[in-house]
Number of protein chains: 2
Amino acid sequence: MSTAEDTAGGEAQAWGEVTPDAARRLLIAAVEAFAERGYHATTTRDIAGRAGMSPAALYIHYKTKEELLHRISRIGHEKALEILRTAARQEGTARERLAGAVSSFVRWHAGGRTTARVVQYELDSLGPDAREEILALRRQCDAEVRAIIEDGVAAGEFDVLDVKGTTLAVLSLCIDVARWFNVDGPWTPDEVGALYADLVLRMVGDGGAAARR
Amino acid sequence: MSTAEDTAGGEAQAWGEVTPDAARRLLIAAVEAFAERGYHATTTRDIAGRAGMSPAALYIHYKTKEELLHRISRIGHEKALEILRTAARQEGTARERLAGAVSSFVRWHAGGRTTARVVQYELDSLGPDAREEILALRRQCDAEVRAIIEDGVAAGEFDVLDVKGTTLAVLSLCIDVARWFNVDGPWTPDEVGALYADLVLRMVGDGGAAARR
DNA sequence: TGCCGCACTAAGCGCTCGCTCACCTTCGGC
DNA sequence: GCCGAAGGTGAGCGAGCGCTTAGTGCGGCA
């Protein structure tokens with residue numbers, strides 16, 4: 001647990017699919033800058049500077065500054081969806097799958113906070129077409145979590161008043177980790193993941209959650 | 001319930017303390033613009049235009065664009081703190097006070113989403129001094145919620161593993177409402193408030209939460 | 001060796017930004 | 001009826017923005 005995933009350098013390895021090298025360096029620089037200052041407050045000169053290049057070099061690899069955000073958003077959302085999907089398709093009870101999904105999703109938001117911040121909070125800076133594409137991925141994330149909760153209700157494991165609302169609340173809780181989590185704070189990503197898995201099981205009325213610990 | 005509080009016009013009445021009239025109109029225009037596009041993507045010309053004034057008029061009432069954000073942030077946080085404080089000092093069990101605090105705090109974030117968005121998500125755009133001042137108010141919000149939870153644990157009403165972490169999660173859940181809540185969506189602020197109060201009682205291990213409904 | 005193509009840079013274009021300044025109205029007090 | 005303060009405007013400054021373009025250095029191939 002908590003391998004390279006939770007260091008800034010480790011975050012970089014998630015971008016391995018981006019080539020060539022210069023394009024990847026620019027992308028990583030953009031992620032850091034967007035996370036620190038926000039999309040609109042970040043200049044193309046800042047991004048290029050962090051990547052050790054001149055401002056013009058950015059435009060050899062990306063058409064516009066927005067394309068950078070779009071690429072980051074899509075790769076990030078695909079990663080998030082993959083995490084939830086993997087957890088949802090695991091063997092086991094709904095209780096186990098929900099706990100696994102929440103703890104790994106939270107670990108990603110806490111450990112890869114830089115990336116997650118951009119992915120979750122800079123969506124509105126995209127143009128309408130790009131935003132719609134990303135929103136489709138987001139709806140798929142929602143569907144994965146909802147499916148687990150519905151399974152649990154059907155199996156009599158969970159006791160939920162409003163499946164749609166509870167799904168939203170669970171995702172909301174996980175996503176907001178990216179806003180407040182601080183690497184220098186009192187918790188490791190693993191600890192927050194475990195705490196949140198417990199809280200979420202309580203939210204879905206899994207009677208054993210409190211008793212088991 | 002859900003009176004003027006949940007319309008854009010109704011939100012405006014919260015700024016009654018700001019005088020003179022022109023300064024208040026500018027402030028309300030700024031809240032709307034910041035909420036829609038974010039602080040950095042909003043221009044002073046846009047703010048002045050929404051208030052029906054020339055760009056220069058802004059600088060008669062405010063020294064800089066950042067001062068506008070600072071004022072909005074402070075007034076908004078004071079309002080949020082007042083809501084939590086009122087709920088915390090109510091008569092009743094910890095269970096009742098926590099439910100009341102969450103439902104009214106959530107109602108504020110959902111109904112006054114425009115304001116809440118600026119207050120909760122544009123903090124990083126403030127300078128260091130202003131940010132520190134706002135963070136102090138935020139810590140007081142945290143303390144109010146934590147006190148209720150500690151009361152409940154002491155009284156044997158709640159069963160909580162980690163008071164600090166649970167407090168953070170409760171506040172995080174409420175605050176994130178400002179990000180996703182949509183006035184045209186399927187829920188009213190009251191409905192979300194009630195749902196969230198139930199979810200939070202479950203999170204703190206209030207055994208009766210599920211059974212009672 | 002000579003040359004091409006590509007990754008990259010220095011310089012800078014056109015534009016819009018936050019903010020200022022000289023000037024104009026309105027109006028209560030004497 | 002005149003005056004100064006308060007609150008407003010139109011024009012525009014300097015700076016910095018996203019992005020472009022002409023030119024440079026260099027690895028790979030005949």
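Proteins come first, then strands; the chains are lettered A, B, ... in the order of their sequence lines, and each starts at number 1.
Electrostatic pairing of A:Arg138 and A:Asp142 does not count as a salt bridge here, judged by no charged N lying under 4.0 Å from a carboxylate O. Salt-bridge formation is detected for the pair B:Asp21/B:Arg25: a Lys NZ or Arg NE/NH1/NH2 atom is positioned less than 4.0 Å from an Asp or Glu carboxylate oxygen. Between A:Glu132 and A:Arg139 there is a salt bridge, since at least one side-chain N of the basic residue sits less than 4.0 Å from a carboxylate O of the acidic one.
Nearest nucleotide to the side chain of B:Ala22, out of D:dG18, C:dC8, D:dG8: D:dG8.
Between the CZ atom of A:Arg24 and the C1' atom of C:dA7 there is a distance of 16 Å, given to the nearest Å. Distance A:Tyr62 OH to C:dA7 P: 13 Å, rounded to the nearest Å. For the pair A:Glu67 CD and D:dG18 C1', the computed distance is 14 Å after rounding to whole Å. Rounded to whole Å, atom P of C:dC17 lies 19 Å from atom CD of B:Glu66. In this structure, B:Lys65 atom NZ and C:dC19 atom P are separated by 8 Å, rounded to whole Å. Rounded to whole Å, the distance from OH on B:Tyr39 to P on C:dC17 is 14 Å. The nearest whole Å value for the distance from the NE2 atom in B:His40 to the P atom in D:dC17 is 12 Å. The CG-C1' distance, from A:Asp21 to C:dC6, rounds to 16 Å in whole Å.
Residue A:Thr44 places at least one side-chain N or O closer than 4.0 Å to OP1 or OP2 of D:dG18. Phosphate contact (OP1/OP2 of D:dG8, side-chain N/O of B:His61, threshold under 4.0 Å): present.
Looking at A:Gln120 and B:Arg179, their side chains never bring a donor and an acceptor atom within 3.5 Å of each other. Using modelled atom types, one finds a donor on one side chain and an acceptor on the other under 3.5 Å when comparing B:His70 with B:Glu133.
Contact annotation: side chain of A:Arg45 to base of D:dG16, donor-acceptor pair absent below 3.5 Å.
The aromatic rings of A:Trp108 and A:Phe105 sit parallel to each other, their planes meeting at less than 30°, with 60° as the upper class boundary. The aromatic rings of A:Tyr196 and A:Trp180 lie tilted to each other, with the angle between the two planes from 30° to 60°.
Listed in residue order, the members of residues 47-60 of chain A having a heavy atom less than 4.0 Å from DNA chain D are A:Ala56, A:Tyr59.
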